Amino acid sequence: MKQICSDVLSKIDDLQTRYIAVIDAKDMEGWLSTFCQVAEASYVYTTAENLRANHAMALVMDDNYQRLQDRVTIVNKVWPGTYADYATRHFVQRTACRDMGAGKYEVESNFMVMTTPEETGRSTLFATGVYFDQVVVDKDQALFLSKKVVTDSSVVERFMAYPL
Amino acid sequence: MTNHAEIIATEKQDAKGANPPIIWPQKANLLPKEIFVRPDVFEEELARIFYGKEWLMIAHEAEIPNIGDFKTTQVGRVPLLITRDNDGEINVYYNACSHRGVQLETATSGNKLRFRCPYHSWLFNAKGDLIGCPNKPGDFPSDFDKSNYPLDRPRMAIVHGLILVTFNPETPPIEEYLEGYIDKIAQVFGGDGNLRLLGAQKVVFHANWKTFHDNDTYHAGLLHTAFQMLNWSGGSGHQTANARGHRSYVGEVTLPEEVNRLKDPSLIEFKGEASECSSASVRLFPISGMTRHLNTIGIRFANPISVDETEVHYTYFGRAEDDEEMIRHRVRQASNLLGPCGMVSMEDAAVFHRLHTAGTTPGNAVFLKGVTDDHGIPEEFQQSDEAANLPGWEHYRQTMGYPKEQS
Ligand code: FES
Ligand SMILES: [Fe+2]
């Protein structure tokens with residue numbers, strides 16, 4: 001397999017770390033800015049169980065750029081004040097990267113998210129899983145063309161307000 | 001999460017360790033909050049309700065459409081195995097080997113026509129017959145006969161594809177139990193039970209099962225900002241509720257002419273005749289239900305895990321006659337609108353949790369919207385009355401044998 005140069009890998013890793021930093025900061029505009037501004041940009045969150053069973057249903061299906069923009073509206077404008085807030089802490093580790101040509105890469109990373117609900121102040125595990133990403137790398141930076149979050153658990157704990 | 005409930009239960013126990021009786025308030029619109037948090041109440045509920053004279057929804061045929069498909073689930077703490085055998089028939093078994101009782105299947109779903117118990121290698125077919133059990137002459141009693149050891153079955157019934165079970169021989173027949181609701185179930189499914197499985201969103205609420213089931217229509221315009229923001233109001237609608245605790249809702253939905261707050265309006269688009277654009281739901285006592293919102297068709301299979309945990313599988317379907325475009329639309333709409341991350345339902349989960357956390361405070365929960373006579377059980381309801389839950393609460397009180405406070 002073709003060796004991927006360290007410059008590309010470091011741009012991809014920068015993107016991943018920027019991604020987890022903005023979501024832990026609940027910066028939804030920052031989250032949006034990690035995606036390519038193209039119509040087919042997408043963010044999908046599903047479970048390993050749905051994937052195994054070949055079921056299209058997901059927990060979140062922002063499968064075009066407008067839906068990504070709507071996610072920002074929903075989190076910033078629709079939901080505030082209705083739920084007990086919680087903090088998240090993401091950890092990410094790249095496990096595979098494939099060169100698809102024309103500046104496109106398929107990247108797989110393990111992730112883990114801890115949650116700290118404001119009312120208990122106690123940190124617990126929220127989710128683990130794999131990010132299946134399509135990343136576009138140009139001379140300046142890397143951006144997600146698509147991000148598919150697949151959790152190991154088939155059952156969501158309580159509810160989820162912020163993207164994983 | 002058991003700590004709150006355990007504390008209150010322990011404090012209320014007298015010196016002998018017995019639990020104090022639940023005395024129900026005299027007014028029909030009050031609920032004693034302690035029923036939501038006491039572990040002893042939960043144990044009694046399993047015995048009297050979940051293993052009592054009720055039918056429980058466990059699956060829809062469309063979840064196991066092909067020969068050999070199976071699903072496992074639980075009612076209370078009882079594991080069940082649902083199969084489609086090689087004649088295409090649906091069967092429900094207790095998920096336990098008929099020899100020493102090992103749990104037979106552990107996957108939540110799959111496809112097989114033979115189930116092998118790992119312990120002593122007994123082999124069952126999808127019809128529940130014991131078809132193999134390794135033994136040498138003289139191993140087993142001389143009168144041993146395989147045909148005496150099929151998998152054990154609870155009573156089952158199928159209504160518009162919906163599979164229900166009961167563990168009690170005295171539960172009334174399904175037609176009587178669901179009287180007046182069988183057509184309403186078909187209405188929610190879009191005419192009949194010819195559905196096609198799209199997948200599920202599963203969630204565990206840190207809340208008592210009754211908190212989930214009591215979720216009413218009254219809060220939609222208040223809790224869910226999306227309804228105000230999108231200028232999305234229900235037209236006329238009405239609710240029914242009966243003395244068995246079943247209830248239904250049908251309402252027109254008038255979509256905003258212009259969706260200017262969402263960039264992708266397909267989230268709340270209705271495909272079909274505008275006159276068919278309605279919401280419909282049926283909730284069956286004690287815990288599960290089904291809803292149709294816009295183009296989503298969903299069944300909510302819920303199960304009580306403990307006094308303070310309830311697992312719900314929001315399972316979504318298309319219609320058998322749907323084309324691929326319609327299926328795609330239903331999947332996209334259900335994924336983002338409903339469930340534990342849905343635009344108009346995430347807040348429900350958050351509220352269940354807060355209701356439960358505060359359930360350990362003294363006193364009663366109060367029902368007001370639509371309550372006209374605070375000593376009678378209402379029979380007529382407006383579209384968004386919380387009073388429609390009261391007949392179900394009276395059925396609960398009677399089933400649990402809780403006396404009313406004397407004046
Ligand atoms: S317990 Fe299943 S074969 Fe013995
Ligand atoms: Fe709601």
Side-chain angles (χ1 to χ4, degrees), chain A residues 32 39 41-86 117-120 122 124 126-127 149 151 153-164, chain B residues 1 63 107-110 197-207 222-230 259 261-267 298 311-318 327-328 330-337 339-354 357:
Chain A
L32 185 63
S42 81
Y43 171 85
V44 173
Y45 156 31
T46 189
T47 64
E49 185 183 52
N50 267 341
L51 215 60
R52 259 196 316 272
N54 220 350
H55 290 151
M57 270 302 301
L59 276 307
V60 172
M61 191 173 286
D62 295 337
D63 57 359
N64 61 37
Y65 193 74
Q66 294 177 317
R67 282 201 167 190
L68 293 172
Q69 293 173 297
D70 289 341
R71 175 88 18 219
V72 177
T73 307
I74 291 169
V75 175
N76 286 349
K77 302 247 162 64
V78 175
W79 290 339
T82 60
Y83 58 97
D85 206 359
Y86 62 92
E118 67 177 4
E119 79 264 40
T120 63
R122 282 168 30 183
T124 53
F126 188 64
V149 181
T151 53
S153 172
S154 46
V155 186
V156 178
E157 287 292 323
R158 308 193 301 160
F159 60 89
M160 196 198 74
Y162 308 105
L164 285 176
Chain B
M1 290 311 298
E63 291 179 79
T108 53
S109 65
L197 178 65
L198 304 179
Q201 298 171 327
K202 300 182 175 180
V203 58
V204 60
F205 294 123
H206 297 183
L222 299 166
L223 173 67
H224 303 302
T225 312
F227 285 89
Q228 302 138 38
M229 199 177 93
L230 297 169
V259 184
R261 302 297 288 273
L262 287 180
K263 296 205 185 273
D264 181 351
S266 66
L267 180 58
E311 186 163 318
V312 183
H313 297 177
Y314 293 77
T315 309
Y316 297 94
F317 300 86
I327 290 291
R328 178 89 198 132
R330 291 193 202 271
V331 164
R332 295 180 77 234
Q333 191 160 62
S335 291
N336 276 12
L337 201 60
C341 323
M343 183 179 72
V344 300
S345 65
M346 186 282 277
E347 306 102 316
D348 289 310
V351 162
F352 300 154
H353 183 234
R354 290 166 77 156
T357 301

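To find a chain, count down the sequence lines: A is the first, B the second, and so on, and within it residues start at 1. No experiment lies behind these values; they were computed from the predicted model shown.
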### Task
Can you see which heavy atom on B:Phe205 is nearest to which on A:Arg158, and at what distance?
CE2-O, 3.6 Å
### Query
What is the minimum heavy-atom distance between A:Ile74 and A:Pro80, and which atoms define it?
O-CD, 4.4 Å
### Task
Take A:Met160 and A:Phe126, measure what side-chain contact (heavy atoms from CB on, under 4.5 Å) needs, and give me the verdict at the end.
CA-CA 10 Å; A:Met160 196 198 74; A:Phe126 188 64; 3.8 Å; yes
### Query
So which of A:Thr47, A:Asn54, A:Asp62, A:Val44 has the largest heavy-atom pair count under 4.5 angstrom toward chain B?
A:Asp62
### Message
With chain A as the partner, which of B:Ala350, B:Ala334, B:Gly342, B:Gly110 has the greatest number of non-hydrogen pairs under 4.5 Å?
### Response
B:Ala350
### Interface residue of largest heavy-atom contact number with chain A, from B:Asp348, B:Ile327, B:Thr108, B:Val203, under 4.5 Å
B:Val203
### Task
Look up atom OH in A:Tyr83 and atom CZ in B:Arg354, then write down how far apart they are to the nearest 0.5 Å.
11.0 Å
### Task
Could you have a look at B:Ser335, B:Ala207, B:Gly199 and say which one has the most heavy-atom pairs with chain A under 4.5 angstrom?
B:Ser335
### Query
Considering only heavy atoms, which portion of B:Leu267 lies under 4.5 Å from any heavy atom of chain A: side chain, backbone, both, or neither?
both
### Task
Name the option with the most non-hydrogen atom pairs under 4.5 Å to chain B; the candidates are A:Ala53, A:Gly81, A:Ser154, A:Ala84.
A:Ser154
### Under 4.5 Å from any heavy atom of chain A - which part of B:Ser266
both
### Query
Which of the residues B:Val331, B:Val351, B:Leu198, B:Thr225 is involved in the greatest number of heavy-atom pairs with chain A at under 4.5 angstrom?
B:Leu198
### Query
Which is it for B:Leu197 and A:His55 under the side-chain contact (heavy atoms from CB on, under 4.5 Å) test, yes or no, and what are the steps along the way?
CA-CA 8 Å; B:Leu197 178 65; A:His55 290 151; 3.4 Å; yes
### Query
Side chain, backbone, both or neither: which part of B:Arg332 has a heavy atom under 4.5 Å from chain A?
both
### Task
Could I get the full list of side-chain contact (heavy atoms from CB on, under 4.5 Å) partners for A:Leu51, not counting sequence neighbours?
A:Thr46, A:Lys148, A:Val150
### Query
Quick one: CG on A:Leu59 to OG1 on A:Thr151, what's the gap to the nearest 0.5 Å?
6.5 Å
### Query
Top residue by heavy-atom pair count (under 4.5 Å) with chain A, among B:His313, B:Glu311, B:Glu347, B:Met346?
B:Met346
### Query
Side chain, backbone, both or neither: which part of B:Arg261 has a heavy atom under 4.5 Å from chain A?
both
### Query
Side chains of A:Tyr45 and A:Val156: does their closest heavy-atom pair fall under 4.5 Å?
yes
### Task
Specify the closest pair of heavy atoms between B:Gly339 and B:Ser345, including all atoms of both residues, with the distance to one decimal.
O-OG, 2.5 Å
### Query
Taking A:Thr73, A:Asn50, A:Thr120 one by one, which has the highest count of heavy-atom pairs under 4.5 Å against chain B?
A:Asn50
#### Entry: Aromatic plane relationship, B:His224 with B:Phe227 - under 30° parallel, 30 to 60° tilted, over 60° perpendicular
tilted
### Query
Are a donor atom and an acceptor atom from the side chains of B:Ser109 and B:Glu63 found within less than 3.5 Å of each other?
no
### Message
Can you list the residues of residues 64-72 of chain A that sit under 4.5 Å from chain B, counting heavy atoms only?
### Response
A:Asn64, A:Gln66, A:Arg67, A:Gln69, A:Asp70, A:Arg71
### Task
Could you check which of A:Ala56, A:Ser153, A:Ala161 has the highest count of heavy-atom pairs closer than 4.5 Å to chain B?
A:Ala56
#### Entry: Nearest atoms (heavy-atom pairs only) where A:Ala58 meets B:Gln201
O-NE2, 2.9 Å
### Query
In terms of heavy-atom pairs under 4.5 Å with chain B, which of A:Met61, A:Glu157, A:Lys77 leads?
A:Met61
#### Entry: Separation between CZ of A:Phe159 and CH2 of A:Trp79, rounded to the nearest 0.5 Å
10.0 Å
